[in-house]
2 protein chains.
Amino acid sequence: MQMGIEIHVPDGVVPWRMPRKRLTREESREQTRLRLLDAAAVAIAKKGLTATSVEDIAGQAGYTRGAFYSNFKSKTDLFIELLKRDHMSIQEDLQRLLDANLSSDDLQKQLALFYAQCYRDHTSYIVWAEARLHAVRDAKFRQRLNALCLEKRDTIAYFIAQFCKRLGMPVPDAAKDLALASMGLIDGVLYFNITMPNELPDAAAESVLSTIFSATFFGTQP
Amino acid sequence: MQMGIEIHVPDGVVPWRMPRKRLTREESREQTRLRLLDAAAVAIAKKGLTATSVEDIAGQAGYTRGAFYSNFKSKTDLFIELLKRDHMSIQEDLQRLLDANLSSDDLQKQLALFYAQCYRDHTSYIVWAEARLHAVRDAKFRQRLNALCLEKRDTIAYFIAQFCKRLGMPVPDAAKDLALASMGLIDGVLYFNITMPNELPDAAAESVLSTIFSATFFGTQP
DNA sequence: GCATTCAGATACAACTATGTATTAGAGTTC
DNA sequence: GAACTCTAATACATAGTTGTATCTGAATGC
């Protein structure tokens with residue numbers, strides 16, 4: 001068995017312990033759903049969407065397949081819910097940045113923050129990579145995923161516009177395309193950062209990102 | 001069955017037709033290998049590495065599993081050969097660009113050309129995406145893939161250095177990191193270009209790439 | 001032209017996955 | 001506390017995959 005990139009198990013949510021309070025059916029069901037979702041994220045990050053069986057997910061969560069099928073129509077169904085959940089959390093992070101005091105002097109810090117927050121734990125990076133690949137092959141899925149991506153793009157485009165205004169720079173009229181490119185750039189750089197941390201350690205990744213960002217948006221030379 | 005992104009079958013190589021000339025054993029074997037490799041690229045692009053069975057590959061190539069196992073140790077084995085073959089072809093393309101008359105005024109054209117050449121046919125884009133994901137999980141594979149990526153990075157870094165010199169610009173000392181970032185950027189942008197061609201058509205993709213490149217390397221404002 | 005060799009086909013045994021149909025057991029309601 | 005209702009476990013039928021072991025027919029060499 002080959003050793004993969006280290007996967008951090010998100011440990012914040014719904015730990016396994018004898019519930020003090022007897023849960024209502026709804027609560028219990030919701031807990032099961034959450035556990036299944038968390039387990040799926042870990043399992044998919046470890047083995048890949050296709051190689052992860054429903055049994056893997058259920059087992060990892062401490063259930064059997066019965067529980068799975070009683071909560072989700074299919075693996076794809078669960079996968080989409082997983083992405084939506086993650087997307088919402090990212091959107092919230094971005095929104096928080098936008099709503100924060102927009103100190104116009106540290107755009108770079110903000111972007112670096114976003115970069116750092118975005119996929120701090122590799123699990124969700126991998127899950128999204130998995131999703132992109134899946135989207136290439138399944139038109140229906142692609143549509144749904146694109147909707148999420150475009151939502152994120154628009155948030156980032158707005159982010160860009162805000163900062164340009166703050167700084168008295170003209171808002172580039174390809175702001176949306178630039179936002180899309182930023183997303184691509186971050187993902188691309190993150191890949192190298194994750195898979196060859198010696199060649200591109202965190203500091204270098206952040207530095208090259210901020211070089212490119214500031215060059216692109218402020219015309220600052222490296 | 002969901003419709004995926006259209007896959008162009010590379011039709012240049014070793015078509016199926018009754019051979020005029022009787023092939024020698026070696027030639028015939030080589031032909032089989034090539035057919036299997038081509039078929040694998042198409043099949044993997046269509047269904048993904050894991051979901052593609054050895055049978056799929058062999059069948060697609062017009063053989064049975066027997067032929068496959070008599071030519072490759074395993075699916076992974078074939079996959080690596082496939083990547084190497086593709087890598088070599090990309091390296092040659094890049095080298096050709098480097099060796100061509102380095103007209104210093106149209107760096108952008110050259111880069112656009114590279115971008116266009118790089119993954120003109122989606123098959124190889126997808127195969128590489130598949131590889132990246134696989135690399136995250138398999139340390140041995142990751143090492144081999146990283147070696148290829150770093151080779152490409154160095155070529156691109158050299159490319160960047162050459163052009164900067166030509167133009168009398170200082171060669172950025174993070175040239176290698178910038179090369180890596182360029183690779184990431186191109187892959188990232190290409191993904192959106194492929195999966196949402198309405199949002200990011202070819203022209204927009206090229207334009208945003210050249211905006212970012214020229215800003216980064218020449219400090220040209222958009 | 002006959003024996004040899006090797007590419008590729010076929011047969012086989014062990015495993016793994018999927019989805020459904022049924023069942024057990026616990027929560028809810030009155 | 002008895003009937004009812006859901007969640008999740010279990011059992012089952014089906015089907016797909018892998019690698020190896022064995023066989024066949026065509027190319028080669030003497």
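Each chain gets a letter, A, B and so on, in the order the sequences are listed, and its residues count up from 1.
- A residue-by-residue look at A:Gly66 and A:Thr50 shows that A:Thr50 has its nearest nucleotide of DNA chain C further toward the 5' end.
- As a whole-Å value, the separation of A:Arg29 CZ from D:dT5 P is 17 Å.
- By the 4.0 Å N-to-carboxylate-O rule, B:Glu130 lies close enough to A:Arg137 to be salt-bridged with it.
- Remark: B:Asp93 engages B:Arg96 in a salt bridge, criterion side-chain N to carboxylate O under 4.0 Å.
- In summary, B:Lys46 and B:Asp56 do not engage in a salt bridge, as defined by a charged side-chain N under 4.0 Å from a carboxylate O.
- In terms of phosphate contacts, A:Asn71 brings no side-chain nitrogen or oxygen within less than 4.0 Å of OP1 or OP2 of D:dT7.
- Under a 3.5 Å cut-off, the side chain of A:Arg33 and the backbone N or O of A:Asn71 do form a donor-acceptor pair.
- Using a 4.0 Å heavy-atom cutoff across all strands shown, B:Ser74 reaches no nucleic acid atom at all.
- Listed nucleotides D:dG19, C:dT18, C:dA7 differ in distance to A:Lys75; the shortest reach to its side chain belongs to C:dT18.
- Look at NZ on A:Lys73: it is 17 Å from P on C:dT18, rounded to the nearest Å.
- Checked against C:dT18, D:dT10, C:dA9, the side chain of A:Val54 finds its nearest nucleotide in C:dT18.
- One can place CZ of B:Arg33 at 16 Å from P of C:dC6, the figure rounded to the nearest angstrom.
- B:Tyr69 has its OH atom 18 Å from the P atom of C:dA11, to the nearest Å.
- One can place CZ of B:Arg65 at 19 Å from P of C:dA7, the figure rounded to the nearest angstrom.
- In this structure, B:Gln31 atom CD and D:dA27 atom P are separated by 13 Å, rounded to whole Å.
- Considering only side-chain N and O atoms, B:Thr32 lies under 4.0 angstrom from the phosphate OP1 or OP2 of C:dG8.
- Side-chain N/O atoms of A:Ser53 include one lying less than 4.0 angstrom from OP1 or OP2 on C:dA17.
- Here B:Phe141 and B:Phe79 bring their ring centres to under 6.0 angstrom of each other.
- We find that CZ of A:Phe68 is positioned 14 Å from C1' of D:dA8, with the value rounded to whole Å.
- In this structure, the CD atom of B:Glu55 is 13 Å from the P atom of C:dA11, given to the nearest Å.
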